[in-house]
Amino acid sequence: MAISAKLLGEDEYVVVSTRTHWKALIGPVFLLLVVAGLGGFLAAIVPSGSLQTPARIAILAVGVVILATFAVKPFLNWFFSTYTITNRRLITRHGILTRTGRDIPLMRINDVSYEHGLVDRILGCGTLHIESAGERGQVVLPDVPHVEHVHLQMSDLLFGGPEGRPGDGILEEEQPPEHMRRRPQQDPRTDEGDTIFSSDDDR
């Protein structure tokens, strides 16, 4: 589910990676149960005779077409669609055979907000709204799992980093990777053998 490490830049790491909420699969699963039950019932009541086998094949073919169009395809769209937030950018990927993607640098994001109705709150998901300075303006990510947590993570990345630098990608409550940690600068006055002023005044 996470984006390949080969697609990440130097000093870039994944903060959040997720698919849309399983709520998107409720319709396809319900349709699968209805079509399977109805198809089995119709196949069972087909009168016996020379047309029984062709009729059952026709019922099976219609059921397969319906499921492929309205159940299998939505499932594959859900499976191959991901939202990824790194310490540098927001990455979205969609599509089964033809893949489409969009990357938004965190430095270009002006505002991030979320909303979730009663059903979304019960299921634990919501819609994330992202305002960017790019040409397309607003990006809407529907059915984001744990949307409040994702919103908090993005807010920390954008506005809560050390020294208040937006988009520096270091969360407030976690240690950054070892290669990104700042090393304290050594005061030259504490180095042995390195003095700025001498106590002996040679004249």
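When reading the values below, keep in mind they use all heavy atoms of this one structure, side chains included, and skip hydrogens, waters and symmetry mates.
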Exam field: side chain Arg108 to backbone Ser132, donor-acceptor pair closer than 3.5 Å
no
Shortest non-hydrogen contact from Val46 toward Ala55
CG1-CB, 3.9 Å
To the nearest 0.5 Å, what is the distance between CD on Glu148 and CZ on Arg121?
8.5 Å
Output for pair (Arg102 CZ, Ile91 CD1), nearest 0.5 Å, gives 13.0 Å
Side-chain heavy atoms of Trp78 within contact of Leu76, under 4.5 Å:
no
Cluster question for you: counting only ILVMFWY and a side-chain heavy-atom cut-off of under 4.5 Å, with indirect links fine, are Leu123 and Leu141 together?
no
For Leu106 and Leu158, the nearest pair of non-hydrogen atoms, with its separation, is O-CD2, 3.3 Å
Under the salt bridge (charged side-chain N to carboxylate O under 4.0 Å, His left out) test, which residues partner Asp103, sequence neighbours left out?
Arg89, Arg93
Do Ile59 and Leu67 belong together in a cluster built from hydrophobic side chains that touch within less than 4.5 Å?
no
Should Val144 and Val139 be regarded as members of a common hydrophobic cluster, given that ILVMFWY residues are connected when their side-chain heavy atoms come within less than 4.5 Å of each other, either directly or indirectly?
yes
So for atom NE2, which belongs to His116, do other residues, nucleotides or ligands contribute more than 12 heavy atoms lying within a distance under 6.0 Å?
yes
When rounded to the nearest 0.5 Å, the distance separating CZ of Phe80 from CD1 of Ile96 is 7.0 Å
Which value, rounded to the nearest 0.5 Å, describes the distance between Ile130 atom CD1 and Leu90 atom CG?
4.5 Å
Nearest 0.5 Å, please: how far is CG in Leu25 from OG1 in Thr20?
7.0 Å
Enumerate the residue pairs fulfilling side-chain hydrogen bond (donor to acceptor under 3.5 Å, both in side chains) with a member in residues 22-40, sequence neighbours excluded, ordered by first and then second residue.
Lys23-Asp120, Lys23-Asp143
I want to check something: taking the side chain as every heavy atom from C-beta on, are Ser155 and Val112 in contact at a cut-off of under 4.5 Å?
yes
Give a yes or no on whether Leu32 and Leu38 share a hydrophobic cluster (residues Ile, Leu, Val, Met, Phe, Trp, Tyr; joining criterion: side-chain heavy atoms under 4.5 Å apart).
no
Distance, nearest 0.5 Å, that separates CZ of Arg88 from CG of Leu8
11.0 Å
Test item: Arg99 side-chain N/O and Gly95 main-chain N/O as donor-acceptor pair under 3.5 Å
yes
Run Val147 and Thr127 through side chain to side chain contact (heavy atoms under 4.5 Å, CB included) and show every step you take.
CA-CA 7 Å; Val147 65; Thr127 302; over 6 Å; no
Considering only heavy atoms from C-beta outward, does the side chain of Ile85 approach that of Gln153 to under 4.5 Å?
no
Transitive ILVMFWY side-chain link Phe75 to Val72, under 4.5 Å
yes
Within a strict 4.5 Å, meaning less than it, do heavy atoms of the Asn87 and Glu12 side chains meet?
yes
Given side chain to side chain contact (heavy atoms under 4.5 Å, CB included), test His146 with Thr18 step by step and report yes or no.
CA-CA 10 Å; His146 309 292; Thr18 183; over 6 Å; no
As a test of understanding, state which of Val16, Thr92, Leu128 forms a side-chain contact (heavy atoms from CB on, under 4.5 Å) with Tyr83.
Thr92
Taking side chain as C-beta onward, heavy atoms only, is Ser17 less than 4.5 Å from Thr84?
yes
Give me the other members of the hydrophobic cluster that Leu60 sits in, counting Ile, Leu, Val, Met, Phe, Trp and Tyr linked by side-chain heavy atoms under 4.5 Å, directly or via other members.
Val64
